[in-house]
Amino acid sequence: MNIKSKEFLIIKALISRPNKTYTREELLSIAWEYETETDIRTVDSHIRNLREKLKKAGFPTHEFIKTTWGIGYKWK
């Protein structure tokens, strides 16, 4: 499993505050660590990649990485 640094920063944020829903903007700010013109939907791609990688490793992502529709993501 090869988790990229931005994916690591996103999952680190989610795990550090379970049940807190992070907006895409918050996760973008955390993962990029500086102002960027990157589209906020890029976060969705990184979450999808994380889910795929963790699932391949046998981790039940559907139980832990939750989508809060219209807002963002949280760790349950």
Side-chain angles (χ1 to χ4, degrees):
M1 178 172 44
N2 183 16
I3 294 182
K4 296 179 182 177
S5 62
K6 298 208 183 315
E7 293 168 352
F8 176 78
L9 292 170
I10 290 171
I11 201 163
K12 179 182 171 190
L14 294 173
I15 291 171
S16 70
R17 300 215 30 220
N19 294 316
K20 177 198 178 341
T21 299
Y22 283 89
T23 65
R24 288 176 180 88
E25 292 86 356
E26 287 174 315
L27 291 172
L28 191 67
S29 174
I30 289 166
W32 274 255
E33 300 178 327
Y34 53 87
E35 286 195 34
T36 180
E37 297 297 319
T38 304
D39 187 283
I40 63 169
R41 290 297 182 171
T42 299
V43 172
D44 298 338
S45 295
H46 284 280
I47 292 287
R48 182 176 49 253
N49 292 341
L50 268 171
R51 284 177 170 154
E52 287 176 14
K53 290 174 183 179
L54 292 170
K55 186 176 178 181
K56 283 182 184 178
F59 188 82
T61 59
H62 63 281
E63 293 179 27
F64 293 94
I65 302 175
K66 299 292 186 177
T67 302
T68 304
W69 193 85
I71 299 173
Y73 301 94
K74 68 180 174 180
W75 186 267
K76 190 88 168 148

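Note that the structure is predicted; figures quoted are calculated from it, not measured.
- Shown here are the side-chain hydrogen bond (donor to acceptor under 3.5 Å, both in side chains) partners of Thr68, two or more places apart in sequence or in another chain: Thr21.
- Counting heavy atoms from C-beta on, the side chains of Lys4 and Lys53 come closer than 4.5 Å.
- Residues Trp32 and Leu50 fall within the same hydrophobic cluster, defined by Ile, Leu, Val, Met, Phe, Trp and Tyr side chains chained together at heavy-atom separations under 4.5 Å.
- Between Ile47 and Thr67 the shortest side-chain heavy-atom distance does not fall below 4.5 Å.
- Considering every non-hydrogen atom in both Leu9 and Ala31, the closest pair reads CD1-O, 3.5 Å.
- Screening residues 60-76 for salt bridge (charged side-chain N to carboxylate O under 4.0 Å, His left out) gives no qualifying pairs among residues at least two apart or on separate chains.
- Note: Glu7 CD to Glu52 CD = 9.5 Å, rounded to the nearest 0.5 Å.
- Of all heavy-atom pairs spanning Ser16 and Tyr22, the tightest one is OG-OH, 3.9 Å.
- Residues Tyr73 and Val43 are in side-chain contact: their nearest non-hydrogen atoms beyond the backbone lie under 4.5 Å apart.
- Within the 4.5 Å cutoff, no side-chain heavy atoms of Ile30 are placed close to those of Ile10.
- A salt bridge links Glu26 with Lys20: the closest approach of a Lys/Arg side-chain nitrogen to an acidic carboxylate oxygen falls below 4.0 angstrom.
- Annotation: salt bridge (Lys or Arg N to Asp or Glu O under 4.0 Å) contacts of Asp44 (sequence neighbours excluded): Arg24, Arg41.
- Closest heavy-atom contact between Asp39 and Leu28: O-CD1, 4.3 Å.
- Considering every non-hydrogen atom in both Leu14 and Trp75, the closest pair reads O-CB, 3.2 Å.
- Side-chain heavy atoms closer than 4.5 Å link hydrophobic residues (I, L, V, M, F, W, Y) into clusters, and following such links, possibly through other members, connects Ile15 to Leu54.
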